[in-house]
Amino acid sequence: MSASIIDGKAAAQALRERLAIEVSRIDAEHSWVPGLAVVLVGEDPASQVYVRNKGKQTAEAGMRSFEHKLPASTSERELLALVETLNQDDSVNGILVQLPLPDHIDAQLVIETIDPAKDVDGFHPMNTGGLSNGDPTALVPCTPLGCLMMLREQFPGGMAGLNAVVVGRSNIVGKPMAQLLIAESCTVTVAHSKTRDLPALCQTADILVAAVGRPEMVRGDWVKEGAVVIDVGINRVQLEGQEKARLVGDVAFTEAAENARAITPVPGGVGPMTIACLLRNTVVAACRQHRVVCELS
Ligand SMILES: NC(=O)C1=CN([C@@H]2O[C@H](COP(=O)(O)OP(=O)(O)OC[C@H]3O[C@@H](n4cnc5c(N)ncnc54)[C@H](OP(=O)(O)O)[C@@H]3O)[C@@H](O)[C@H]2O)C=CC1
Ligand SMILES: Nc1nc(=O)c2c([nH]1)NC[C@@H]1CN(c3ccc(C(=O)N[C@@H](CCC(=O)O)C(=O)O)cc3)C=[N+]21
């Protein structure tokens, strides 16, 4: 089988267009627009690109974007004070603090300081707990939410009873992805660096999600014939003799596409959907804060 390629870029654009329509309806009927604050500490060049893309796409959807770029020397106390200010600011409906943070800052403390109602990353314990308890109002982390949206397109009849294997158990991708798949009634296995015989486990997967951070680790013969493969990995690899680094996923794409029914590419798969879901969470959070009904499907 030769896989169909899941076009995350197109899906993200379609979602952003729906968001823009909802934002202009809210503006017309209620005279406010959702606002997203993004906080970046330090100079990490890759993070700066994300922050720039987020700012641009936020504005294109008709929303307000507030960027706070702080030096790497920012103290934990200063960052917590900024978060408190954003919590109090009624024009800010969503707050994202870009991770990772410098070592001298306790990231968990920062996350727990964000008002759960404005936690559009879905990392606050109130939201992670809500997700695992099946609370429909919990804000869901953007990357797994984007993966779920693409999976739903692939399974119009639902995913109940399918075997899902999630490789990676991070708080930002692996664990919330597993929770979402449990809620879809999949049989979910979460693999990590201590998992024994990972290739054999992956071969049992009808749905295979790779969120590892190791370039092309998942090989073609790990993929069951007809499986749907979601590649979350974003790895920059420097090829010999080439000036620019290339982006590759955690899955060996060409090999895996021989066996899969459908697969996400890198770039152009999960990444663009992550940003679109961040904007979606901001619209949803803003509507709740203003106690108006959000007309997004
Ligand atoms: N497209 C997007 O929007 C996003 C992409 N990413 C990308 O996704 C990837 C994963 O990110 P993130 O979850 O934050 O990464 P983390 O480094 O936090 O987690 C990686 C996970 O992979 C597991 N792992 C590492 N090596 C192996 C191995 N050899 N075999 C099996 N499991 C292994 C680790 O296991 P253990 O717990 O045992 O150490 C860990 O659970 C990265 O490439 C990142 O850049 C991340 C966020 C968003
Ligand atoms: N608090 C927090 N929340 C996050 O969601 C978060 C974070 N911190 N830290 C970093 C990771 C990584 N991440 C990506 C988002 C979009 C793309 C993306 O848009 N990728 C494009 C293009 C990438 C490029 O060309 O550089 C693509 O895959 O096509 C990638 C990675 C969000 N993260």
Side-chain angles (χ1 to χ4, degrees), residues 8-9 11-40 47 49-69 82-99 110-124 126-128 130-131 135-150 172-173 176 180 270-297:
K9 211 171 154 187
Q13 195 186 331
L15 176 53
R16 292 198 308 269
E17 281 166 12
R18 282 168 42 222
L19 291 171
I21 292 168
E22 177 63 357
V23 169
S24 67
R25 181 194 68 82
I26 293 168
D27 190 10
E29 290 180 17
H30 304 285
S31 302
W32 54 266
V33 296
L36 171 66
V38 174
V39 180
L40 176 62
S47 283
V49 177
Y50 301 145
V51 172
R52 208 177 317 127
N53 284 345
K54 280 175 213 163
K56 192 168 154 267
Q57 295 183 11
T58 309
E60 279 170 10
M63 298 159 64
R64 294 182 73 188
S65 164
F66 309 93
E67 283 174 19
H68 295 267
K69 290 189 185 147
L82 172 60
V83 170
E84 306 267 15
T85 307
L86 297 173
N87 282 344
Q88 299 303 320
D89 184 342
D90 288 341
S91 61
V92 173
N93 306 110
I95 303 170
L96 178 144
V97 179
Q98 183 86 26
L99 301 175
V110 175
I111 288 168
E112 289 178 18
T113 304
I114 297 171
D115 178 347
K118 296 189 179 185
D119 169 38
V120 286
D121 254 334
F123 296 164
H124 189 286
M126 195 77 95
N127 286 314
T128 59
L131 173 60
D135 173 0
T137 69
L139 288 163
V140 177
C142 307
T143 301
L145 180 59
C147 295
L148 180 71
M149 286 179 180
M150 291 188 286
I172 81 168
V173 190
L180 289 172
V270 176
M273 279 302 280
T274 297
I275 301 183
C277 286
L278 175 67
L279 303 183
R280 177 205 172 269
N281 278 354
T282 304
V283 174
V284 168
C287 288
R288 288 215 194 102
Q289 288 159 36
H290 285 273
R291 295 187 168 75
V292 308
V293 176
C294 183
E295 291 180 11
L296 280 170
S297 50

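Numbering of residues begins at 1 and proceeds along the displayed sequence.
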Identify every side-chain donor-acceptor pair in residues 26-35 under 3.5 Å, counting partners at least two apart or on other chains, and give the distances.
unit_1 : atom_1 : unit_2 : atom_2 : d
Glu29  : OE1    : Arg25  : NH1    : 2.9
Trp32  : NE1    : His290 : ND1    : 3.4

### Summary
Residue set satisfying side-chain contact (heavy atoms from CB on, under 4.5 Å) with Val51, at least two apart, ordered chain then number -> Val38, Leu40, Glu67, Lys69, Gln98
### Task
Identify the heavy atoms of Cys142 and Val120 that sit nearest to each other, and give their distance.
SG-O, 3.4 Å
### Query
Taking C-beta and beyond as the side chain, do Gln289 and Lys118 meet within less than 4.5 Å on heavy atoms?
yes
### Task
Could I get the full list of side chain to side chain donor-acceptor pair (under 3.5 Å) partners for Asp121, not counting sequence neighbours?
none
#### Entry: Minimum heavy-atom distance Glu22-Val293, with the two atoms named
OE2-O, 4.2 Å
### Task
Using salt bridge (charged side-chain N to carboxylate O under 4.0 Å, His left out) as the criterion, list what pairs up with Glu60, not counting sequence neighbours.
Lys56
### Message
Quick one, Val97 and Ile111 - any side-chain contact, counting heavy atoms below 4.5 Å?
### Response
no
### Query
Which heavy atom in Val23 sits nearest to a heavy atom in Gly62, and how many Å separate them?
CG1-O, 3.5 Å
### Summary
The salt bridge (charged side-chain N to carboxylate O under 4.0 Å, His left out) partners of Arg288 (sequence neighbours excluded) come to none
### Summary
Heavy-atom closest pair (Leu99 atom, Phe123 atom, distance to 0.1 Å) is CD1-CE1, 3.8 Å
### Query
When you look at CE of Met149, are more than 12 heavy atoms from neighbouring residues, nucleotides or ligands closer to it than 6.0 Å?
yes
### Message
For Thr58, give me all partners under side-chain contact (heavy atoms from CB on, under 4.5 Å), at least two apart in sequence or on another chain.
### Response
Leu36, Met63, Ser65, Leu279
### Task
State the SG-CG distance between Cys287 and Asn93, to the nearest 0.5 angstrom.
8.5 Å
#### Entry: Positive for side chain to side chain contact (heavy atoms under 4.5 Å, CB included) with Asn127, one of Ile114, Asp119, Val140
Asp119
### Query
Going by heavy atoms in the side chains, are Met150 and Val270 under 4.5 Å from each other?
yes
### Query
With a 4.5 Å limit on heavy-atom distance, are the side chains of Val110 and Val83 in contact?
yes
### Query
Do the non-hydrogen side-chain atoms of Leu86 and Val39 ever get within less than 4.5 Å of each other?
yes
### Query
Hey, are the side chains of Leu131 and Pro141 touching, using non-hydrogen atoms and a 4.5 Å cut-off?
yes
### Query
Side chains of Glu17 and Gln13: is there a donor and an acceptor less than 3.5 Å apart?
yes
### Spatial distance of atom CG (Asp89) from atom CD1 (Ile95) [nearest 0.5 Å]
8.5 Å
